Each structure stands twice: as structure tokens, then as C-alpha cells.
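Notes to accompany the following structure.
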2 protein chains.
Amino acid sequence: MRRPKEAQESATRERIVQAALTTLGEEGFAGTTARSIAKHGGFNQALIFYHFGSVNGLLLEAYRQMSEEQIAKYRAAAAEVSSLGDLVEIARRLHAEDLASGAITAVTQLMAASAADPEIAGIVLDRFEAWIAVVEDAVRRGIELHPLKDVIPVRESAYAISALFLGIELMSRLDPARSEAERVFDMLGGIALLIEQVTPMLGGSPSQP
Amino acid sequence: MRRPKEAQESATRERIVQAALTTLGEEGFAGTTARSIAKHGGFNQALIFYHFGSVNGLLLEAYRQMSEEQIAKYRAAAAEVSSLGDLVEIARRLHAEDLASGAITAVTQLMAASAADPEIAGIVLDRFEAWIAVVEDAVRRGIELHPLKDVIPVRESAYAISALFLGIELMSRLDPARSEAERVFDMLGGIALLIEQVTPMLGGSPSQP
DNA sequence: GTCTATAGTCGGATAGAC
DNA sequence: GTCTATCCGACTATAGAC
């Protein structure tokens, strides 16, 4: 996938972006300076300014790129969902990947930076919006054949599921043992199974408030 | 409640701590410098170093204080919970308060700072732990009379509820309209009601008077 | 395009007057 | 205890050699 306008991908640009993301994950927002990025990537500090104008310019570009990649990954994963149980299992897998790749740390830093920088806030908001939309789609597909499908508030469900996922990601990052999230996914899997098995019994004469 | 050792509360100390929290909320972690805190609080920059040794020392103290207050508030609120529906309504109220007070912003900054500072990570972890414990307690009390009470994994439920709450807090802070979280709480309230009404039927034993 | 060198700014921290 | 003045280090950003 090539971008026609602006931001053409030279190898160096890509290297700098990667170094920025690594640094962000390892040092946090406050520790992500031009010097420290250059050190992590093994190149000269001045290159950042030549290629991106400023440290902030680099960070914005890196954020945007990371967001696009993550959303694309989520969207691809969500395409496989065809039941509530699937949704839980795929969430479990994505969570493990995000934790390992440092993506969660980056999101944390992004959210914090949003407090002071409206432009970053916009990026994060877009990312959440895309994220909810993906879940919304998966939910809609997952309940397509379900007797209660017309009673379920899809948008709110997707929002809540996204929030739950985000919360688990953030809390488990802090947890040194990191075993607890697994058990929570186990429980959610159990609930999904329960709902799938129980609710069809209610079908046939659904009530409406 | 007086603290016997260290950290005696002079009026000035308290003023500095408050200014630090305000600054953190308004400027973000990166913008929370000694000079900027002093400006917000209308006092001299050097006072920070006289009273707290360093900016980091001040921030640690402020974090600790904020954590204690928030946990105390949560604990008091949780004491009122006697059903799943209660839990949702109290969560809704606490969420509104946290949003208005800037506490959410502060937590966001704290989590981000945890990436680079293990001491802060410890504080945040303690806070989450205390938070989960409070919810765990509320859940246990809420299902005390419930027919399924022995099947429900209390700890995992509390973890998931806490994660969901955290996620909603963080996402709604970014949302300019901020109306969506309300609708999600509405939905959760509906689910709570549904569970309370449906599950007793499965037990075959009488529930609440 | 990439490097070295450096100007200019800002923040942490301290000395010392009051 | 609080203020003014100041040092020092680290950062962003640019100029200019290669």
C-alpha cells in the first residue's frame, strides 16, 4: 500500500518511525526525546528534523501509522467472528498480541498526551471510533440469527465491549504476573457460552418492555 | 485522621499538592513542571523543593493522597450496594463525579507515567487492587441471597467490572459529547435488571422478600 | 541525505537574602 | 518559611561541512 501524496516512505523514514514507537514504549512519553529516539534507532538526532520537521511531527506520523495498522488488524480479526464465543476468543488473542508488541503501552502514552494536545486527542478518538465500529459490526453479525437480535442495542454493546477490552488491556499491563486477564477471558467465554445456550430457549415469544 | 510520621500537613504543603493535581489535569504529565505548578498555585517555585525535595517527590505524594481519597470514596459508595442494579447506579454516579473532578485525567497521566517509573507503577497497581477489592466486596454482598451465588467467580467478575468501569472512564473522557457513556450505563442497568429477574427463576428457590 | 557543532530555551535544583 | 538570583544540564532546532 503506497501513499501517493506526502509522507513517501523512504527506508530511513520508516526506521525513524519504528525507533520512535520503540522509544515510546520503553521510555514513556516524557522520555521520548529526539536524542533518545536517535539512540534507540542508531541514527543521528538531526535526521528527525530533516525528515519530520519536529519531534512532535514525527510522533504524530508514528501515531497515525500505528493506529492504521492496529485497526486493520482488528478489522481482519473481526471478520472471522460469527458468534459471541468467537468474539471472546479473538479478543483474547488480540490482547496477547497487543501486550507482547508494546501496542498497549503506546496507546496509554497516547491517551495521556491527549490531555495536552488536541491533535493527538483527535487521533485517539478516531482510533476508538474505528475500534467500536469494528466491534459493532462483529456483534451485528454475531447475533444475526439470534431470536433477540432486535432487542439488543448494538452500538451500546459495542461501546461497552470496547471499553471492557481497553480496561483489561490497561490493567493487565500494570499487573506483573499477568495471569489474571486470562482467567477473566475464561470467565467471559463461559458467559458467552451460557448466553448462546440459554437465550434460544426464550425465543418464539420474546417480550418487549 | 492525622498522620503521625512524616508528611505533616502544613497549609502550604496542601496548597502545593492541590496545585500539582490541578496542573496535572490541565497540562498533562509532560507539562507538569515545577515552574508550571508554581504558576498554577500562585507560589514560588523553590517552595516545591523546600517541602518535597524534588518535583517527583511532590508528584508521588500527590498521587498517594489522591489515590487514598478516591479509594475511600469508592469504598463508602460500595457500602450502599445491595443488588446488581445498585452497583450500576453507583458506578454511574462515581463516573460523573470522577469526570467532573478531573480525577480521570489524573489517572490517565498516572498510568502513562507508570511506563517509565516503577514507583508510580506500584502506586497505580495498589490503587487498582484496592479498587477491585471494593467491587469484589460489593459483588459478594450483592449476590449473597442469590441462588447462583456459589457458581459465580467473584474475583474475576470484580476484575471485569473494574476493567469495564476504567474503560468507560477513559473513553468517555476523550468523547467531546460525553453522552454515550450515559446510554451505556442505561443498557447495563437494563442487563442488571434482567439478570435479577431471570436468574431466580432458574434457582427454584425463593429470592428476595 | 547524513553528519558535527552549536545557538537558544527551558526545567531542576541550590545558595543565600529576608 | 518564603523569596530572588543563578548554575547547570538536557532539550529542540538549525547552520553548515561532507
Side-chain angles (χ1 to χ4, degrees), chain A residues 2-3 6-63 109-110 112-113 115-120, chain B residues 2-3 6-63 109-110 112-113 115-120:
Chain A
R2 293 253 168 262
R3 290 213 243 140
E6 68 172 30
Q8 58 190 5
E9 325 264 317
S10 76
T12 306
R13 279 182 69 95
E14 185 52 30
R15 199 157 137 244
I16 295 174
V17 165
Q18 284 310 318
L21 291 176
T22 306
T23 309
L24 195 72
E26 287 180 18
E27 316 290 346
F29 182 72
T32 303
T33 67
R35 288 171 212 276
S36 140
I37 295 169
K39 202 167 194 174
H40 271 84
F43 49 79
N44 193 280
Q45 184 237 138
L47 279 182
I48 290 171
F49 301 95
Y50 175 77
H51 283 284
F52 297 93
S54 68
V55 172
N56 227 327
L58 163 59
L59 289 180
L60 286 175
E61 177 60 27
Y63 294 158
Q109 300 301 322
L110 262 182
D117 184 334
E119 202 166 356
I120 296 180
Chain B
R2 295 253 167 257
R3 288 208 250 146
E6 68 173 29
Q8 58 191 6
E9 327 264 318
S10 77
T12 305
R13 278 182 69 95
E14 186 50 32
R15 198 157 139 245
I16 295 174
V17 165
Q18 284 311 318
L21 291 175
T22 306
T23 309
L24 195 72
E26 287 180 18
E27 317 289 347
F29 182 72
T32 303
T33 67
R35 285 168 162 82
S36 140
I37 295 169
K39 202 168 195 174
H40 270 85
F43 50 80
N44 193 281
Q45 182 236 137
L47 279 182
I48 291 171
F49 301 95
Y50 175 78
H51 283 285
F52 298 92
S54 67
V55 172
N56 226 326
L58 162 60
L59 289 180
L60 285 175
E61 177 60 26
Y63 293 159
Q109 300 301 322
L110 262 181
D117 184 334
E119 202 167 355
I120 295 181

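Chain A is the first sequence line, chain B the second, and so forth, proteins listed ahead of strands; every chain is numbered from 1. Predicted model only: the values in this text are computed from it and were never measured.
Within residues 20-38 of chain A, the residues approached by DNA chain D to less than 4.0 Å at the level of any non-hydrogen atom are A/Thr33, A/Ala34, A/Arg35, in residue-number order. Of all the residues in residues 46-56 of chain B, B/Ala46, B/Leu47, B/Tyr50, B/His51 reach under 4.0 Å from DNA chain D with at least one non-hydrogen atom.
Distance CG (B/Leu58) to P (C/dG11): 16 Å, rounded to an integer number of Å. Taking atom CD of residue A/Gln45 and atom C1' of nucleotide C/dA7, one finds them 13 Å apart after rounding to whole Å. As rounded to whole Å, 12 Å separates atom C1' of D/dG1 from atom CZ of B/Arg15. Regarding A/Asn44, its CG atom lies at a distance of 16 Å from the P atom of D/dC18, rounded to whole Å. The CD1-C1' distance, from B/Ile16 to D/dC3, rounds to 13 Å in whole Å.
In this structure A/Ala30 satisfies the side-chain contact (heavy atoms from CB on, under 4.5 Å) test together with B/Phe29, sequence neighbours excluded. Legend: residues meeting side-chain contact (heavy atoms from CB on, under 4.5 Å) with B/Ala116, ordered by chain and number and at least two apart, are absent. Considering only residues two or more places apart in sequence or on other chains, B/Ser36 meets the side-chain contact (heavy atoms from CB on, under 4.5 Å) condition with B/Thr23, B/Glu27, B/Thr33, B/His40. In terms of the side-chain contact (heavy atoms from CB on, under 4.5 Å) criterion, A/Tyr50 has no residue partners (sequence neighbours excluded). Taking A/Glu119 as the reference, nothing meets the side chain to side chain donor-acceptor pair (under 3.5 Å) condition, with sequence neighbours excluded.
Here the CG-CZ distance, from A/Asn44 to A/Phe49, works out to 10.5 Å after rounding to the nearest 0.5 Å. Expressed to the nearest 0.5 Å, how far CD1 of A/Ile37 lies from CD of A/Gln18 amounts to 12.0 Å.
Residues A/Ala112 and B/Ala112 come closest through the heavy atom pair CB-CB, 3.3 Å.
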